[in-house]
Every structure is written in structure tokens, then in C-alpha cells.
Q: 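Dropping the structure in here first, questions after.
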Amino acid sequence: MSRSRLPLAAASLVSLTALVATGCSQSSSASDAKNSGDTPASAKAATGKKPAPFDQGKKIKVALVRQSGAGDYFEQWGNGAKAQAKALGIDLTVYDAQADNAKQATDLSAAINSGAEAIIVDHGFPATIQPEIDKAVKKGIKVVVYDVETKNPEVVSTKQDDASMANAVLDVMTKELGKKAEVGYVNVAGYAALDKRDTVWRKRVTENGWKQSFKVGKVTDSTATDNVPLVSAALTQHSGVAGIFAPYDELAKGTVLAVQNKKLAGKVKVFGADVSNADIQVITAKNSPWAATAGTDPSAVGAAVVRTTALELAGRLKTKSVEFPAVAITRDFLVSKKIQNLNQLRAALPALNLSKVSTADWIPNVAH
């Protein structure tokens with residue numbers, strides 16, 4: 001069926017649904033990754049002598065316990081982690097609860113009993129997983145968390161610098177909208193990263209004298225599509241908003257589609273967070289209302305978290321907290337540079353490269 005024969009809303013729905021489906025699928029080969037514009041990262045050869053336990057000629061067992069949900073960002077994060085684990089000779093077992101809190105706790109328990117020497121916990125609700133994290137630490141297992149709040153002093157915390165991420169994109173939003181604009185907000189409480197971005201948002205609303213007309217949002221295993229009716233309903237009641245902040249890319253995708261469905265793409269600008277191949281496609285699409293995002297390279301972050309874990313296993317990590325800085329990315333920049341995927345974005349924005357974060361001469365560094 002020709003897209004030109006579809007109504008605007010239907011055409012947008014087909015386009016976004018295809019992108020979400022692509023983001024959820026796993027690339028099964030190097031050619032798949034190449035076609036998606038996210039080629040497998042090459043590992044820079046290690047030159048130093050391996051410390052224990054990496055010098056014993058056996059693979060180190062590490063478990064990755066994820067609370068990912070759907071999305072291109074999470075797939076690429078996982079791909080980066082797997083590539084770095086392979087380069088290090090780590091036997092990585094991946095558990096993915098996909099937005100099921102109870103399952104993540106069960107997965108973490110299974111990881112503890114699997115014989116893993118280290119466990120990486122990627123996202124999750126502290127109240128659900130903290131007891132299992134404490135059990136792992138007590139058992140002598142090294143624990144590294146990503147975007148999870150934990151009070152256990154033995155746990156290594158890694159995260160995007162969410163304050164810098166929110167500030168970077170909100171700087172653009174402030175420049176685009178000015179003071180005293182009517183704005184909307186799409187976010188969910190209870191996730192460490194989103195809560196930190198929310199703190200920055202509330203401060204900027206006050207500083208700019210913005211009128212926040214609505215707040216909606218939820219996280220599910222189909223976050224983008226499930227937020228479309230919520231934002232659409234909010235826009236029906238508050239069609240005068242000039243901009244909407246949706247500080248997670250799946251929330252932003254749903255917001256973009258809702259704006260398009262209401263035929264407000266020329267009037268309402270969307271400001272998101274995070275970046276992936278699918279996000280770039282949505283942002284650079286003709287007449288897209290997604291004006292700016294801010295983020296880190298998800299593949300690079302996944303790889304850096306695994307390197308952090310390796311350093312912790314070797315007793316060479318000198319900190320209990322590692323942060324990955326974010327950069328602002330505007331639609332104008334992507335369109336002017338004709339950027340269509342993350343490989344091209346990495347080349348155009350060297351600040352996304354985390355190859356100097358959590359590394360050592362004995363680590364074969366997967367650079368992106």
C-alpha cells in the first residue's frame with residue numbers, strides 16, 4: 001500500500017511501529033548490524049600484562065541482569081556490553097526481565113546462584129532488587145549497577161550524567177521557546193535516571209517561568225505506542241503548548257506520534273533524551289517535531305560498564321562511582337550533517353566516544 005494514500009496519523013503510526021519493532025529485534029550477524037548503521041565495534045589490542053583473575057587462562061563468569069523494556073537504546077547498550085565482554089574473554093550470561101520487576105528479582109537470585117564472579121545490574125527498582133544485591137555482596141560477588149540507586153557501599157555505581165543530559169537538552173528548549181511558554185511534560189516517577197532528569201526539569205520550569213499544562217506518561221514493554229493516547233488526550237485539552245519535554249527516547253517517540261496525530265507538528269516541538277539509530281530516524285524525518293535530544297552512545301556505555309566490572313574484579317578500580325557525560329544533539333545538526341545513524345553521529349560528535357573511560361593497558365578496549 002502506498003504511504004501517500006494513508007492519512008497522516010496512520011502513516012506516522014506505521015512508520016513508528018516499524019521503528020519500535022526494529023529496536024526490539026536482535027541483530028544476528030555483522031551484516032545485520034552494518035545495514036542498521038551500527039557496525040560491531042573493534043577492540044583495540046591490549047598491551048599490558050593481565051592481572052588476576054584474567055591471567056588464569058579461563059573465562060570469567062559474569063551475569064548481566066537487565067530491566068530493559070523495549071527499545072533500540074537498550075538493544076545497542078546490550079550489544080556494546082556483549083562486544084566488550086567477548087574481547088575480555090568474559091563468559092557473559094544475560095537475564096532480561098523486560099519491565100517485570102518481580103522477574104528481575106528472580107533473575108538476580110538466579111545469577112547469584114549461577115557461580116558468577118560479578119553481576120551487572122542494568123536498571124531496576126531499588127525496593128525490588130536491593131535485598132538481592134545485598135545477598136550478592138554478602139556472598140563475595142562483585143556488583144556493578146547501571147542507573148540503579150543503591151545504599152550498599154560495596155556496590156560500584158555507573159550511570160549517565162542525567163543532570164548534564166537534562167540540562168543540555170533543556171538549554172536548547174529554553175533557546176527555542178524563550179520565557180513564560182506553555183509546556184507539556186511526559187515522564188514517569190520511580191526510575192533513578194528519570195527522577196534525576198525530573199529534578200532538573202522542575203528547576204528549569206521555575207527559572208523560565210514556564211506554565212506546565214500537563215504531565216502524563218508510563219513505562220511498559222511497549223512504552224512508545226502506549227504513551228500515544230496519553231499525550232494525544234493531553235494535547236486535546238491543552239493544544240496551546242509550545243513544547244513538550246519527554247526525557248526518555250521511548251517516551252519521546254510516543255510524544256512525537258501524538259503531536260503528528262493531532263496535526264500539531266508545525267506548532268509543538270518535542271525535546272527528548274537518549275539517542276539511538278531509531279531515534280535519529282524519527283528526529284530527521286520530514287517535518288518531525290522532535291527538535292533536540294541529549295545522550296550518550298548506548299553501545300559505548302554498555303562497553304564501558306563491562307570494563308568497569310573488569311577493573312573491579314581485578315581490584316584496579318579506584319572509585320565506587322563512574323559517570324558518563326551526555327551531549328546535546330539537535331535536529332538541525334543531524335539534518336545539516338546528513339546524519340542517518342549512530343556510526344555517522346560518532347564520527348561527527350567525538351564527545352560521544354568513551355574509549356578513555358574505565359580502561360587500562362591490559363584491557364582490549366572496544367571503542368565506538
Q: Quick one about Asp134 and Gln130 (side-chain donor to acceptor, distance below 3.5 Å, no hydrogens or angles considered), yes or no?
A: yes
Q: Do Tyr95 and Ile90 sit in one hydrophobic cluster, given that two such residues count as connected whenever their side-chain heavy atoms are within less than 4.5 Å of each other, even indirectly?
A: no
Q: State whether a side-chain donor-acceptor pair under 3.5 Å links Asn353 with Ser355.
A: yes
Q: Of all residues at least two apart in sequence or in a different chain, which pass the side chain to side chain donor-acceptor pair (under 3.5 Å) check with Trp201?
A: Gln212
Q: Using a cut-off of 6.0 Å, state whether more than 12 heavy atoms not belonging to Lys215 lie near its atom NZ.
A: yes
Q: I'd like to know if Asp171 and Lys175 make a salt bridge, using a cut-off of under 4.0 Å between side-chain N and carboxylate O.
A: no
Q: Rounded to the nearest 0.5 Å, what separation is found between the NZ atom of Lys337 and the OG1 atom of Thr330?
A: 10.5 Å
Q: Using the rule side-chain contact (heavy atoms from CB on, under 4.5 Å), only one of Ile120, Val305, Val145 pairs with Thr158; which is it?
A: Val305
Q: Which atom names give the shortest non-hydrogen contact between Leu354 and Pro325, and what distance separates them?
A: CD2-CD, 4.4 Å
Q: Can you list everything that forms a side chain to side chain donor-acceptor pair (under 3.5 Å) with Asp226? Sequence neighbours excluded, please.
A: Thr220
Q: Assess, by modelled atom type and distance only, whether the side chains of Asn167 and Ser164 contain a donor and an acceptor separated by less than 3.5 Å.
A: no
Q: For the pair Leu345 and Leu334, evaluate side chain to side chain contact (heavy atoms under 4.5 Å, CB included) and give the outcome as yes or no after the intermediate values.
A: CA-CA 8 Å; Leu345 182 59; Leu334 295 175; 3.9 Å; yes
Q: Using a cut-off of 6.0 Å, state whether more than 12 heavy atoms not belonging to Lys196 lie near its atom NZ.
A: yes
Q: Calculate, to the nearest 0.5 Å, the distance between atoms OG1 and CG belonging to Thr199 and Leu194 respectively.
A: 11.0 Å
Q: Under 30°, 30 to 60°, or over 60°: which ring-plane class applies to Tyr185 and Phe245, parallel, tilted or perpendicular?
A: parallel
Q: Considering all heavy atoms of both residues, which atom of Val169 and which atom of Gly272 are nearest to each other, and what is their separation?
A: CG2-O, 3.4 Å
Q: Does Trp77 share a hydrophobic cluster with Val121, counting links as ILVMFWY side-chain heavy atoms below 4.5 Å and allowing steps through other members?
A: no
Q: With rounding to the nearest 0.5 angstrom, report the OG to NZ distance, Ser109 to Lys135.
A: 6.0 Å
Q: Any link between Phe74 and Val188 through a network of hydrophobic side chains (Ile, Leu, Val, Met, Phe, Trp, Tyr) touching at under 4.5 Å?
A: yes
Q: To check you understand the geometry: which heavy-atom pair defines the closest contact between Ala348 and Ile339, and what is its length?
A: CB-CD1, 3.7 Å
Q: Return yes if a side-chain donor-acceptor contact under 3.5 Å exists between Asn365 and Thr359, otherwise no.
A: yes
Q: Assess, by modelled atom type and distance only, whether the side chains of Lys142 and Thr309 contain a donor and an acceptor separated by less than 3.5 Å.
A: no
Q: Working to the nearest 0.5 Å, report the span between CD of Gln281 and NZ of Lys253.
A: 9.0 Å
Q: Is the number of heavy atoms from other residues, nucleotides or ligands under 6.0 Å of Lys320 NZ greater than 12?
A: yes
Q: Give, for atom NZ of Lys61 and atom CD1 of Ile119, the distance between the pair rounded to the nearest 0.5 Å.
A: 11.0 Å
Q: Looking at Asp161, is its backbone amide N or carbonyl O close enough to the side chain of Glu323 to form a donor-acceptor pair, meaning the two atoms are under 3.5 Å apart?
A: no
Q: Check step by step if salt bridge (charged side-chain N to carboxylate O under 4.0 Å, His left out) holds for Asp122 and Arg66.
A: CA-CA 5 Å; Asp122 172 25; Arg66 312 192 70 191; 2.8 Å; yes
Q: Atom NZ of residue position Lys86 - does it have more than 12 heavy atoms of other residues, nucleotides or ligands inside 6.0 Å?
A: no
Q: Out of curiosity, does Val282 fall in the hydrophobic cluster containing Ile244 (side-chain heavy atoms, cut-off under 4.5 Å, transitive links)?
A: yes
Q: If you take all heavy atoms of Arg331 and Asn287, which pair is closest and at what distance?
A: NH2-N, 3.7 Å
Q: Regarding Thr296 and Gln160, is there a side-chain donor-to-acceptor distance under 3.5 Å anywhere?
A: yes
Q: Can you name the nearest heavy-atom pair linking Ser276 to Leu342, along with the distance?
A: CA-CD1, 3.9 Å
Q: Using the six-membered ring wherever Trp is involved, compare the ring planes of Trp362 and Phe54 and label them parallel, tilted or perpendicular (cut-offs 30° and 60°).
A: tilted
Q: List the atom of Asn341, the atom of Ile280, and the distance in Å for their closest heavy-atom pair.
A: C-CD1, 3.6 Å
Q: For Glu149 and Asp195: C-alpha separation, side-chain torsions, deciding distance, then whether side chain to side chain contact (heavy atoms under 4.5 Å, CB included) applies.
A: CA-CA 11 Å; Glu149 292 295 330; Asp195 288 344; over 6 Å; no
Q: Counting neighbours of NZ on Lys356 that are heavy atoms of other residues, nucleotides or ligands and sit closer than 6.0 Å, is the number greater than 12?
A: no
Q: Going only through I, L, V, M, F, W and Y residues with side-chain contacts under 4.5 Å, is there a path from Val231 to Val268?
A: yes
Q: Going through the distances and angles, do Asp249 and Trp290 end up as a side chain to side chain contact (heavy atoms under 4.5 Å, CB included)?
A: CA-CA 10 Å; Asp249 58 351; Trp290 194 341; 4.2 Å; yes
Q: Tell me, with the steps shown, if Thr128 and Gln104 meet side chain to side chain contact (heavy atoms under 4.5 Å, CB included).
A: CA-CA 8 Å; Thr128 304; Gln104 190 181 24; 5.6 Å; no
